[in-house]
Amino acid sequence: MPPLPTLLLELETVLADTADARRAALLVALAAEEVALSDAEYDEACVGLAPRQAARAALAIRGRGDDETTADLVTLLAEREFARRIGAGVTLAPGARDFVEGAAGRARLGVVTRARRADASLILSLAGLEDAFDVVVAADDVAEPKPSAAPYRRALERLARRGSGGVTAGASDLARSTIVLEDSAAGIRAAHEAGMRCVAVGAVAAHVALEADAAVPSLAGQTPASLLALAAVGGAGSHSSGTSEARRR
């Protein structure tokens with residue numbers, strides 16, 4: 001019997017509808033430090049970034065990109081505000097629950113997220129999906145966030161330890177047969193740097209979708225098999241050769 005395919009998913013936006021909470025949390029934190037940022041500026045510079053990256057990007061717009069002290073304060077306040085908001089409840093992204101439940105027995109699933117572990121655990125618990133994933137790699141688990149490949153490499157290492165063979169060989173084999181589901185340019189680049197193909201999920205900007213190997217508007221109606229086919233695992237060519245679906249969006 002062939003091994004199950006592996007799918008690694010960003011928790012935010014791909015599985016859980018946290019985009020509004022992330023935006024509001026950062027804007028509230030910036031306002032506390034007397035920094036104003038419009039929704040359009042946030043969408044242009046901060047979407048999909050880890051909290052500290054987003055804080056620094058926002059400050060850079062106001063010519064304060066080197067203000068590390070304020071970046072630290074904004075990050076801390078934004079994380080607290082985000083935790084408060086998701087604690088009040090989280091809505092799953094369209095099709096997410098059906099996808100995860102339908103993937104049981106058909107794929108190994110993992111979460112690789114920019115969220116802190118406490119926040120990721122809370123979201124998964126509130127959704128009743130805490131036992132659906134073989135591995136969860138959160139922001140706390142790595143020194144460098146996406147677009148570094150470190151989060152995805154950590155996930156592969158953990159999955160490889162559960163399988164047979166050595167960790168390095170197992171992780172290398174897994175990378176070639178793993179599909180990543182992402183919502184941001186940083187995540188797509190991280191997946192590619194780790195040697196994996198990537199499907200962009202959600203209402204991502206066209207130029208971001210073009211960086212992925214394929215793109216879908218949501219997980220609604222998708223299965224592990226359909227995503228594997230879209231990303232053309234094992235097909236010839238480089239990452240850029242797999243962007244036909246993204247171009248058709």
Side-chain angles (χ1 to χ4, degrees), residues 4-19 21-22 48-51 79 82-83 86-87 90-163 171 174-175 177-184 186-202 204 212 216 218-219 222-224 227-228 231:
L4 295 176
T6 300
L7 299 176
L8 299 178
L9 301 80
E10 168 59 60
L11 175 60
E12 296 200 39
T13 304
V14 175
L15 284 177
D17 186 7
T18 60
R22 275 294 181 201
L49 295 180
E79 290 282 33
F82 179 72
I86 63 172
V90 176
T91 302
L92 290 182
R97 182 178 301 281
D98 288 344
F99 175 81
V100 171
E101 293 176 349
R106 300 180 182 179
R108 291 205 297 178
L109 298 180
V111 164
V112 180
T113 180
R114 56 184 171 265
R116 297 180 302 174
R117 178 161 292 277
D119 295 334
S121 296
L122 177 58
I123 291 170
L124 292 174
S125 177
L126 290 172
L129 297 176
E130 62 267 41
D131 297 322
F133 300 95
D134 294 285
V135 64
V136 175
V137 174
D140 318 56
D141 297 321
V142 290
E144 298 180 61
K146 306 167 189 177
S148 166
Y152 282 112
R153 287 175 177 156
R154 178 65 57 85
L156 292 178
E157 290 167 0
R158 291 182 177 177
L159 287 170
R161 290 192 183 99
R162 297 187 176 193
L174 277 171
S177 61
T178 295
I179 297 299
V180 169
L181 307 183
E182 270 289 352
D183 71 321
S184 68
I188 294 167
R189 292 166 190 166
H192 284 168
E193 182 65 24
M196 296 177 283
R197 288 180 178 262
C198 184
V199 176
V201 179
V204 299
V216 294
S218 74
L219 291 178
Q222 298 296 332
T223 65
L227 293 173
L228 288 164

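We're numbering straight along the sequence, starting at 1.
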Among R114, E12, E10, the one residue meeting side chain to side chain contact (heavy atoms under 4.5 Å, CB included) with S184: R114
Closest non-hydrogen atom pair between V112 and P151, with its separation: CG1-CB, 3.5 Å
Minimal non-hydrogen separation, I188 against C198, with atom names: CG1-SG, 3.7 Å
Nearest heavy atoms of Y152 and A194, plus distance in Å: CB-CB, 3.9 Å
Side chain to side chain contact (heavy atoms under 4.5 Å, CB included) between V100 and L92, worked out: CA-CA 11 Å; V100 171; L92 290 182; over 6 Å; no
Min side-chain heavy-atom separation L219-L227 under 4.5 Å: yes
From CD (E157) to CZ (R154), nearest 0.5 Å: 6.5 Å
Selection residues 131-141 - residue pairs positive for side chain to side chain donor-acceptor pair (under 3.5 Å), sequence neighbours left out: R117-D141
Nearest heavy-atom neighbours spanning A50 and P145: CB-CB, 3.9 Å
Derivation and outcome, side chain to side chain contact (heavy atoms under 4.5 Å, CB included), residues L124 and L11: CA-CA 9 Å; L124 292 174; L11 175 60; 3.9 Å; yes
Full working for side chain to side chain contact (heavy atoms under 4.5 Å, CB included) between M196 and T6: CA-CA 11 Å; M196 296 177 283; T6 300; over 6 Å; no
Over 12 foreign heavy atoms within 6.0 Å of CD, E144: no
Pairing residues for R116 by the salt bridge (Lys or Arg N to Asp or Glu O under 4.0 Å) criterion, not counting sequence neighbours: E79, D119
Nearest heavy-atom neighbours spanning A175 and L156: CB-CD1, 3.7 Å
Pairwise side-chain contact, V201 with V216, heavy-atom cut-off 4.5 Å (strictly under): yes
T113 side chain near L15 side chain, heavy-atom distance below 4.5 Å: no
Candidate pair F99 and L9, rule side chain to side chain contact (heavy atoms under 4.5 Å, CB included), full reasoning: CA-CA 12 Å; F99 175 81; L9 301 80; 4.2 Å; yes
Approximate separation, where rounding is to 0.5 Å, of T178 OG1 and L8 CG: 5.5 Å
Value rounded to 0.5 Å, distance of CZ in R197 from CG in L181: 14.0 Å
